[in-house]
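Every value quoted in this text rests on a predicted model; they were computed, and no experiment measured them. In listed order, ligands and their atoms are each counted from 1. Starting from 1, each residue takes its place in the sequence as its number.
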Amino acid sequence: MTNRTYFIRTFGCQMNEHDSERAAGVLETMGYRPAPDPESAGLVLFNTCAIRENADNKLYGQLSHLKPLKLADPAKTIVVGGCLAQKDQGAIAARAPWVDVVYGTHNMGSLPQLLAQADSAALPVVEILEHTQMFPSALPARREVRHHAWVSISIGCDNTCTFCIVPLLRGPEKSRMLGDIVAEVCELVADGVTEVTLLGQNVNSYGRDLVRADPGPGRRNRTLFAELLHALGEVPGLERVRFTSPHPKDFTSDVFAAMRDVPNVCEQLHLPLQSGSDRILRRMQRSYRSSRYLDLVAEARATIPGVAISTDVIVGFPGETEDDFDDTLRVAGAAAFDAAFTFKYSKRPGTAAVSLDGHVAAAVMDQRFLRLAELTRSLSAASHARQVGTVQELLIEGPSKTDPARMSGRTRENRLVHVPATAAARPGALVNARLTDAAAHYLLGEVTDAPAGRAVPTAPPPRTLPDGQNGDLTAVLPAARP
Ligand code: 5AD
Ligand code: SF4
């Protein structure tokens, strides 16, 4: 009898997590069941990422670990899907001929046919489409967590950020019909989901293509994304709505208002900055400037009490000078980010930035990366420290990864909190916790009957950092330039 078990390894972003749940759903409808590791699985699927070069290297490293497994058991099926498959196409089959199936970002629905073909083919079966009309959400999913679901609201991206390979791999932006999204969310809630994360490369341009296609009479004076948030606010039993990622250039005030007015939309905003230097933002073709970015941050903090703001920043983009980098530090400090994901620029063949002048030496990039990491770490530590003493609502996710005597949960602002593992703190439960201790990446707390007081005071950030303010931050921020 063939071994109809599967193991999926996911690289990269939440979009890929979502795609992997769909791939698992497709495999389970074919009769496959999960296996604990690649060694024992009859089918191993790598869902790949191409956003930075180290993601490529990791994949090829892991594929070479599978070679002896395949040689020992030729019936084992090895599948590679996702962004790197789309980017490298035939190259994966050439570099790792022990792979059975390679499929692109638009082909997950064809998995059953591709697997059937692979059964009778001697060479890897490769299917890569340039475009699709199909949303991954149209496929069945096997969710990793019972109470949380990813919901894709749009696919692709119409922007041309010069560092980014996503538009080449995921195609132009296409929005899903609002009614289909709400219907899927209602089904998820009926299945026990209390929290959804809306996914799109650029969520706040959601629906522009739909409006272009059908301007429709009587649309309210709101963007469709704000409309969607209001519609999800009406879904009974849906406790939390998050979304990722918006683009600063498309952010509109009606979305901030929805975040304030719709009770289940969480006070969490991930707003990628990429660089604090206007010169670099121009070279990145990010069509906002640092002052507009800081205005958005100030508006968010003024409109949404207690909002936590996180960001993405790239260091060492071609042409970045020390002055440009200082601007990034200064803007990050002025924005007082609650959390930040920082990346070293990675050359992606096929993107416009590759042919820009002024590529930054690796050692300089490393040193800037460390300086930025030091700043963002102290910013998140300060943000966490401000929460101590407050009572906040936690959605319990599961046992802590480092201490089985604790359970981990998230606040509405998406802060990670560990509490003692008591009967009340079971996975999926909403509890209130008094926050007692803070570290840079998490908080400690204890479950309490006291009501949650959500509005933790976070002063609107100053546009520029006055000397000496912000305590230890001044140690890592550059001196203000005239
Ligand atoms: N190099 C480094 N970081 C990148 N990102 C996207 N492309 C690159 C690249 N070529 C980062 C951006 C984006 C996040 C998902 O990944 O900061 O917001
Ligand atoms: Fe890439 Fe820019 Fe599109 Fe984000 S908005 S996916 S960074 S091109």
Side-chain angles (χ1 to χ4, degrees), residues 10-19 48-58 82-84 86-87 105 152-175 197-206 208-209 225 243-251 269-277 280-288 293 309-320 325 328 331-332 335 337 339-356 358-360 362 364-366 368-369 372-373 376:
T10 309
F11 300 82
C13 65
Q14 287 117 332
M15 206 78 68
N16 262 15
E17 301 272 345
H18 179 51
D19 286 352
T48 62
C49 169
I51 197 119
R52 284 171 290 274
E53 197 179 0
N54 57 2
D56 289 29
N57 298 339
K58 246 197 242 165
C83 286
L84 196 71
Q86 187 82 22
K87 175 169 104 46
T105 50
S152 103
I153 67 166
S154 61
I155 51 176
C157 180
D158 285 343
N159 293 316
T160 53
C161 304
T162 53
F163 52 80
C164 186
I165 196 159
V166 168
L168 292 174
L169 303 179
R170 298 239 171 197
E173 182 175 277
K174 176 147 177 39
S175 303
T197 304
L198 309 177
L199 292 178
Q201 299 300 339
N202 186 0
V203 287
N204 48 3
S205 61
Y206 165 74
R208 283 200 193 145
D209 49 340
F225 184 58
F243 56 85
T244 194
S245 290
H247 193 303
K249 85 173 158 55
D250 295 313
F251 218 104
L269 178 65
H270 182 70
L271 195 61
L273 167 66
Q274 312 300 5
S275 170
S277 153
I280 295 298
L281 285 170
R282 205 171 299 119
R283 282 167 75 91
M284 288 177 162
Q285 284 188 34
R286 302 276 294 180
S287 49
Y288 54 88
Y293 185 93
I309 303 182
S310 57
T311 199
D312 291 338
V313 183
I314 298 176
V315 300
F317 185 80
E320 185 186 76
F325 178 65
T328 295
V331 172
F337 289 123
F341 300 88
T342 51
F343 308 103
K344 294 176 200 166
Y345 168 72
S346 171
K347 246 189 226 178
R348 302 285 62 205
T351 60
V354 170
S355 44
L356 290 176
H359 281 263
V360 174
V364 174
M365 197 130 63
D366 290 349
R368 288 182 191 162
F369 181 81
L372 179 64
T376 59

request  = Measure from atom 2 (Fe) of ligand 2 to each N, O or S atom of Cys161 and report whether any distance is below 2.8 Å.
outcome  = yes
task = Please work out which of the three classes, parallel, tilted or perpendicular, describes the rings of Tyr345 and His359, given edges at 30° and 60°.
result = tilted
remark   = for atom 6 (C) of ligand 1, nearest protein heavy atom and its distance come out as Ile51 CG1, 3.4 Å
inquiry  = Could you tell me, atom by atom, which parts of ligand 1 come under 4.0 Å of a heavy atom of Tyr345?
reply    = 1 (N), 2 (C)
query = Do His270 and Ser310 have side-chain atoms, one donor and one acceptor, less than 3.5 Å apart?
reply = yes
message = Would Arg52 and Phe343 count as a cation-pi pair here, with the cationic atom under 6.0 angstrom from the ring centre and within 45° of the axis?
response = yes
request  = Below 4.0 angstrom from a heavy atom of His247, which ligand 2 atoms are there? Numbered from 1 as shown, please.
outcome  = 5 (S)
query = Between Gln14 and Thr197, do the side chains contain an N or O donor and an N or O acceptor separated by less than 3.5 Å?
reply = no
query = How far is atom 7 (N) of ligand 1 from its nearest protein heavy atom, and which residue and atom name does that atom have?
reply = Phe163 CD1, 3.3 Å
request  = Identify the protein heavy atom lying closest to atom 6 (S) of ligand 2, giving its residue, its atom name and the separation to 0.1 Å.
outcome  = Gln201 OE1, 3.5 Å
inquiry  = Given 3.5 Å as the limit, does a donor-acceptor pair link the side chain of Tyr293 with the main chain of Leu271, or not?
reply    = yes
query = In terms of atom number and element, which parts of ligand 2 are under 4.0 angstrom from non-hydrogen atoms of Arg286?
reply = 2 (Fe), 7 (S)
request  = Consider only side-chain N and O atoms of Thr162 and Gln285, and report whether a donor and an acceptor are under 3.5 Å apart.
outcome  = no
ask   = His247 and Tyr288: aromatic ring centres closer than 6.0 Å?
value = yes
message = Within ligand 1, which atoms have a heavy atom of Gln274 less than 4.0 Å away?
response = 12 (C), 13 (C), 17 (O), 18 (O)
query = Just which atoms of ligand 2 are under 4.0 Å from any heavy atom in Phe163?
reply = 7 (S)
remark   = Of Gln201, Lys347, Arg286, Lys344, the residue with the heavy atom nearest atom 2 (C) of ligand 1 is Lys344
ask   = Identify the closest protein heavy atom to atom 1 (Fe) of ligand 2: which residue and atom is it, and at what distance?
value = Cys164 SG, 2.3 Å
message = Students should be able to answer this: which protein heavy-atom is nearest to atom 14 (C) of ligand 1, and at what distance?
response = Asp312 OD2, 3.5 Å
inquiry  = To check you understand the geometry: which heavy-atom pair defines the closest contact between Leu84 and Thr48, and what is its length?
reply    = N-OG1, 3.0 Å
task = Provide, to 0.1 Å, the distance between atom 10 (N) of ligand 1 and the closest protein heavy atom, together with that atom's residue and name.
result = Ser346 O, 2.8 Å
query = Does Arg170 reach ligand 2, in the sense of a heavy atom lying below 4.0 Å from it?
reply = no
key: Where ligand 2 meets Val166 - atom numbers and elements under 4.0 angstrom, heavy-atom basis   = 6 (S)
query = Among protein heavy atoms, which lies nearest atom 3 (Fe) of ligand 2, and at what distance?
reply = Cys157 SG, 2.3 Å
query = At what distance is the nearest protein heavy atom to atom 5 (S) of ligand 2, and which residue and atom is it?
reply = Asn159 ND2, 3.4 Å
inquiry  = Quick check on contacts: which atoms of ligand 1 are under 4.0 angstrom from a heavy atom of Arg348?
reply    = 10 (N)
message = How close do Leu356 and Pro318 get, counting heavy atoms only, and between which atoms?
response = CB-CB, 4.0 Å
note = ligand 2 atoms nearer than 4.0 angstrom to some heavy atom of Pro167 are 8 (S)
task = Before giving the answer on side-chain hydrogen bond (donor to acceptor under 3.5 Å, both in side chains), spell out for Thr105 and Gln86 the whole-Å C-alpha distance, their side-chain angles and the decisive distance to 0.1 Å.
result = CA-CA 6 Å; Thr105 50; Gln86 187 82 22; 3.1 Å; yes
query = Between Phe337 and Ala332, what is the shortest heavy-atom contact and its length?
reply = CE1-CA, 3.6 Å
inquiry  = Under 4.0 Å from a heavy atom of Ile314: which atoms of ligand 1 are those, numbered in the order shown and with their elements?
reply    = 3 (N), 4 (C), 5 (N), 12 (C), 17 (O)
query = Hey, which atoms in ligand 1 end up nearer than 4.0 Å to a heavy atom of Arg52?
reply = 1 (N), 2 (C), 3 (N), 4 (C), 5 (N), 11 (C), 16 (O)
task = Give me the one residue out of Asn159, Asn202, Asn204 that meets side chain to side chain donor-acceptor pair (under 3.5 Å) with Asp250.
result = Asn202
query = Counting only N and O atoms by type, is there a donor-acceptor contact under 3.5 Å from the side chain of Asp158 to the main-chain atoms of Pro172?
reply = no
